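In what follows, a structure is listed as structure tokens, so that the remarks can point back to it.
These numbers come from a predicted model, not from an experiment. First the proteins, then the strands, lettered A, B, ... as listed; each starts at 1.
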Protein chains: 2
Amino acid sequence: MERMRQALVAPKVVALVGVSKDLKKLSTRPWQFCQQHGFRGKLYLVNPLHKKVLGQIAYPSVSAIPEKVDHAYILLGTMLVEAALEDCIAAGVKVVSVLADGFAEAGDRGLERQGILVSRADAAGVMLIGPNSMGIVNTENSFVCTTNAAFKAESLTRGRLAVLSHSGSLIGTLISRGKARNIGFSKLISLGNEAQSCVGTVGLTLVDDKEIDGFVLFLETIRNPDKFAAFASAAKRLGKPVVAYMLGKSYEGQALSVSHTGAMTGEADAVSAFLAYHSIAEVSQFDALFEAPALLLKKAQLANRPRHATVVTTTGGGGAMVVDQLSIRGVELKGLSAASKSFFHEQNIPHGSGKLVDVTLAGAQYDVMKKAITQLMTDSETGLIIVAIGSSAQFNPELAVKPIIDAVTENLGAAPVVAFPLPIATRSMEMLEEAGVPCFGSVESCADSVSLFLGNKDSLLVDSSLAECDVTEINKRLDTILAKVKIGGAGGVLNEVDGNDIFAALGIAGPRQLFFPAQSELPISESKIYLEQGLSYPLVTKLVSKDLPHKSDYGAVVMNIWDNVQLDSAVVEMRARIKKLEPTAYIDGVLVQEMAKGLGEAIVGLRHDNLVGPVITVGAGGVLAEIYKDVSIRPAPVNLASARQMIGEIKGFAGLRGYRGKAKGDLEALAQLVTAISSLAIVGRITEAEINPVLVRADGVLMLDALICIGPKILQSRL
Amino acid sequence: MERMRQALVAPKVVALVGVSKDLKKLSTRPWQFCQQHGFRGKLYLVNPLHKKVLGQIAYPSVSAIPEKVDHAYILLGTMLVEAALEDCIAAGVKVVSVLADGFAEAGDRGLERQGILVSRADAAGVMLIGPNSMGIVNTENSFVCTTNAAFKAESLTRGRLAVLSHSGSLIGTLISRGKARNIGFSKLISLGNEAQSCVGTVGLTLVDDKEIDGFVLFLETIRNPDKFAAFASAAKRLGKPVVAYMLGKSYEGQALSVSHTGAMTGEADAVSAFLAYHSIAEVSQFDALFEAPALLLKKAQLANRPRHATVVTTTGGGGAMVVDQLSIRGVELKGLSAASKSFFHEQNIPHGSGKLVDVTLAGAQYDVMKKAITQLMTDSETGLIIVAIGSSAQFNPELAVKPIIDAVTENLGAAPVVAFPLPIATRSMEMLEEAGVPCFGSVESCADSVSLFLGNKDSLLVDSSLAECDVTEINKRLDTILAKVKIGGAGGVLNEVDGNDIFAALGIAGPRQLFFPAQSELPISESKIYLEQGLSYPLVTKLVSKDLPHKSDYGAVVMNIWDNVQLDSAVVEMRARIKKLEPTAYIDGVLVQEMAKGLGEAIVGLRHDNLVGPVITVGAGGVLAEIYKDVSIRPAPVNLASARQMIGEIKGFAGLRGYRGKAKGDLEALAQLVTAISSLAIVGRITEAEINPVLVRADGVLMLDALICIGPKILQSRL
């Protein structure tokens, strides 16, 4: 790993393959930037058409270079990349990055070209970055091996954050915007198509780097979720925060799926749940991407402290703006504790009333501000302190920030403090940040970061007590079912009776019912049979068919049946309707169930998301989940604590929680059902599993309709 | 007006009252800043304790100044303000601003002090700014008459926007942050408590100012909504955009009200509806407060153009970020039209696929970019064009922005163009803004502003066709009711029967019903009476009492009554329950109604908001409106078009619109009901009016329960 990291970001010998003679060409930029910023390693240029390029010897190939090359950047056009990679492999290069596009993003032919690169690199043990990569930058050793124009900057702002970005142009944006905020980066890597090396593998390569304190991810997608998760977990273990900005949150396209829960939650929701689950802080405000890490690094100081924020200010309007933005994001705000209040009184420090601690212009005096901050920092009832600094920050930086800095440095380890200067106050920010006080350039980024800092998403993690399902039993039942039904290589849906059977293996019960397999298409008049078996009216009857996953849409369900005559005619009518609407649907038989009443309905579904793998979704029943997007989603499986938390997030369950005097439903039984269904994530053949609706009663839950989808291939589970 | 404006922002003779000898004191700042920035008017200092102050003659009073003073700024402590104001009045000063706090915000005594100032100023025809005002700044003539430290800046950035702010510190924040964005201001006024002069009056004083193109409001509340509205309407007439940032969006405190709709929508919702109604652009992102106006000034260019946006970029990742943020805000995005697509093909300009027009690095060539922008600008199918510029904007401003500038200046009046440079690119922005291309410093502010620009809130305006209610008839009915019921000076609630009567005057019908007034508290066994009147079972019965506005919370409603025996016992039980729970409640009688069935329920309510006056709210029925905040709110009254629009915003009406094959409800009848109830806004005595629920049927709507609140005083209506 250490050697790979060196070849990736601190190579001693580098080959730039395909550098033009024309300084205006993009391909000359890595050479220009390395020269300009003073890279000390050796830079060889490769260009078979010329003996000299940019005043330097040009070699006909990487293999022709007289030294062992660690790292090569291929700057050639799409069609020349494969041969150049072969040349690099032959020369024993460890890391190869590729600029050209025209690969996986360019249709089937491109995908094929990309596949060849990956298999060649894998076979040779080469780390491949890109294609479609704008290169790699290490500000520590001025290895500025990129085509991004932003690195024309006179100097690079060094820092202790690493950037991993799908977009190459964004590494330039980050270096430019970060610089304006005194925030620099240690390494920046443009990952492009992630053909072979992905966020996960590159992250794992860098995670131990002692020059890196935290990671900044600009994501267009998630590839290789298992590697991604491994990197996230390593970063967490080392206490290195990972902050992510994810594009595509607005995509209207939902996941392709048979289940309702699948149709309701798109990939964006699944990705957000995945990031939260792996303790990655997802920001919605772009600036928070580089401003949040400094705050997240203070997490240890929050141990044993309440998860709320206290806003201190000398300027009422500015402080109120911070309070407002925090409240909108659900951050709990706290005024002075009783102890702090009496201290402020004793010391005659104004503090206003309510949640904003407004020390007014009195706070412009060094002593007053220092005492106020010190008291709050050392009060065990304080969570995080946010100081909103007024106009003095701009023209009297010493005056405005000295008391804050002194209070913080004299009370290291006490409650964490951050600052938001209302005006543009570069010098004040520099002084604060040097003293270890995280600063924010906008109220929105401040609020976003604080909300992430105080959030308690760690509790989402699966613990070892997860009640696993009996995979052997479920696979046995699946085999029996699959032996009798025809589900081809493309996968398909089980009928309700078979679906019920799988869920029954998880201990999930439905209403009392009878299944009457129908060999013929003749009308069935067997109502006495049902009744002899002891079912009582009212009943519901359904046609059972794997070709009708949403029965009610075709009128293949009839409810409120009160006698034999109704039952018989209902079955005849259903058959007639289906014969007309879906003539090719194969009817496995007729199901008759007792009508069940409950206090409310839920919908619970498992699916394998294209990007992040198995996810479990819970929602309010009826149309509420859909109309109001009232659903909760997590990577599956989940334990009981997570399932309870998910249920707690559903607003539409207010009635079941006893809202306005309504009878309470058995939400604990629902949580057990969620856990059980989520455990199907480890049965690789099941791609979707849904109960819609789950009837929630005062005592227990009942499955009213079940859907199981079998996939075309065995999916990898998360466990 | 002209003379008042001159005294306010361009006075010739100014008195600074209460200036200290000590340069460190706040009270010396206006003098310092006027000197520093070169104010050409005359500045007199008033200080009765010294003959000289700051090297200048100090006068013992304003009256003692040998010239007629236009404008005085009182910098004295709270208790000295009244006398100083009297002095100013005696000296014939036209505008007086007051720094001190300790007035309306400081309890009853302060409120009383403030009242005295206002009545004295009103009587004398003086314009009073504040108290609690940090003063007034005019960058045009360097009248920097403020205590805000931000004006220590070496130079002031002039501009064509006026700032009206409740918070004094925020005018410093705006000048500082605006400067960093090349955006300056013409006038900045700190309004403080708005004791007399408010946003509306000061706005009206400045609205004709030829140096002002638009207004920026930083609001902590709304005072004097009628004046506010008059200013907004004048600004609109003159084509001067007004942009507002409103604090207090997060306040948990809801409006104090009896009705459910009142409890569901807080002042923040009412204020937002009020601002939208008056065509004021409310921003959620602070930077948009000063970045949006330049774009809003281009509104005329959007006439006859579709209300959508096209994002053009040379950098995929950055362009995608803009697309994402726009989509999240509901902005419609458009790729190339057929005509533009074939032009791009002919010219061999890359454009990618989908909604983002990615011209790739080819756009780095002047000709390519200019042709692309020109084509889009002159295409009648284009709405707004947003150019996301990559790293080249930072180091090659000429290259990056020249083609955009040339395309825009050669096609004035064509589709509007804005720019968002991804890196920090000050010079590029300067060049673009000089050429009249609005720029944005963050993707969020860009998306916020574009969303406001393309929004179509104008349609919210009341038109003259509003079906007004018959005020005479309603007042007659009210008089009859009020003559018989006891509603004291503090106002109160009408019982349901009386409430029904008022709504009936608006043509709103309920189910068939009978009211049985009960003089005694004996059990009632009069069911035959009801049935002889021709009501048919099932019935619902309710106790009628103005002391029980939410009957069902006390069990004073029994539904599903199928025969005489049930009816009698229901009444006895209700009476017993109320006697126990609310022994002092006066029972007016028993109401018996036919049970009515419908397709869905709605809730409709009118209330007089503390800040902005009458508002009408529509929501989904049951608990949906409350749980999901699924409500729409507008200033009342509304016309039919607005009522339809409000109903269209309610997600929970999806079923009534025919979602998933459900039967459609008569939403047109609901819109008529909304319009009718909203017209009660003009009946000054009615402070709240609510129907909850309104039953929506396939044909018509039915009022199932009605609430009318009579206020302690006659309220002013909007009309």
Side-chain angles (χ1 to χ4, degrees), chain A residues 26 148-150 152-153 165-170 172-173 175-177 179-180 218 220 245 247-252 285-287 315-318 320-321 323-328 361 390-392 394-396 422-425 442-444 553 623-624 627-628 630 651-652 654-655 659-661, chain B residues 26 148-150 152-153 165-170 172-173 175-177 179-180 218 220 245 247-252 285-287 315-318 320-321 323-328 361 390-392 394-396 422-425 442-444 553 623-624 627-628 630 651-652 654-655 659-661:
Chain A
L26 209 70
N148 191 302
K152 208 177 263 185
S165 175
H166 287 131
S167 159
S169 59
L170 259 292
T173 304
I175 205 105
S176 165
R177 294 191 171 251
K179 190 171 190 173
F218 186 88
E220 290 174 353
Y245 186 95
L247 282 188
K249 305 302 286 184
S250 62
Y251 287 171
E252 281 163 31
Q285 199 78 18
F286 184 75
D287 288 0
T315 159
M321 196 157 75
V323 165
D324 231 23
Q325 290 295 314
L326 290 170
S327 301
I328 288 169
L361 276 177
S391 296
S392 58
Q394 193 177 1
F395 299 106
N396 297 310
L422 279 130
I424 301 290
S442 72
V443 66
E444 295 89 3
D553 294 356
V623 293
L624 297 182
I627 291 182
Y628 294 111
D630 192 12
K651 291 182 192 165
Y659 179 75
R660 296 210 155 207
Chain B
L26 209 67
N148 190 303
K152 207 175 262 184
S165 174
H166 287 132
S167 160
S169 59
L170 258 292
T173 304
I175 204 106
S176 164
R177 292 191 173 252
K179 190 173 191 170
F218 186 88
E220 291 174 354
Y245 185 95
L247 281 188
K249 305 303 287 182
S250 63
Y251 288 169
E252 281 164 31
Q285 199 78 17
F286 184 74
D287 288 1
T315 157
M321 194 156 78
V323 165
D324 230 23
Q325 290 294 315
L326 290 171
S327 302
I328 287 169
L361 276 177
S391 296
S392 57
Q394 194 177 3
F395 300 106
N396 296 310
L422 280 129
I424 301 289
S442 72
V443 67
E444 295 90 1
D553 293 356
V623 293
L624 296 181
I627 293 181
Y628 295 109
D630 192 10
K651 291 180 191 167
Y659 180 74
R660 295 210 156 210

Whatever's closer than 4.5 Å to a heavy atom in chain B on A:L26 counts as side chain
When every non-hydrogen atom of B:G172 is compared with those of A:S391, the smallest separation belongs to CA-OG, 4.0 Å
So, the part of A:F286 with a heavy atom under 4.5 Å from chain B: the answer is both
Interatomic distance, OG@B:S176 vs CD1@A:I424, rounded to 0.5 Å, equals 5.0 Å
task: Test side-chain contact (heavy atoms from CB on, under 4.5 Å) on A:Y628 and B:L624 and set out the steps.
output: CA-CA 10 Å; A:Y628 294 111; B:L624 296 181; 3.8 Å; yes
Applying side-chain contact (heavy atoms from CB on, under 4.5 Å) to B:T315 and not counting sequence neighbours gives A:S169, B:T313, B:L422
If one checks every heavy atom of A:A180 against chain B at 4.5 Å, the contacting part turns out to be side chain
Whatever's closer than 4.5 Å to a heavy atom in chain B on A:L170 counts as side chain
4.5 Å side-chain heavy-atom contact, A:N396 and B:K152: yes
For A:I627 and B:A654 the tightest heavy-atom approach is CD1-CB, 3.5 Å
Cut-off 4.5 Å, heavy atoms of chain B, and the answer for A:A153 is both
The interface call for A:L361 against chain B, heavy-atom contacts under 4.5 Å, is side chain
Heaviest contributor of heavy-atom pairs below 4.5 Å to chain B, chosen from A:Q394, A:Q285, A:H166, is A:Q285
So, the part of A:S167 with a heavy atom under 4.5 Å from chain B: the answer is side chain
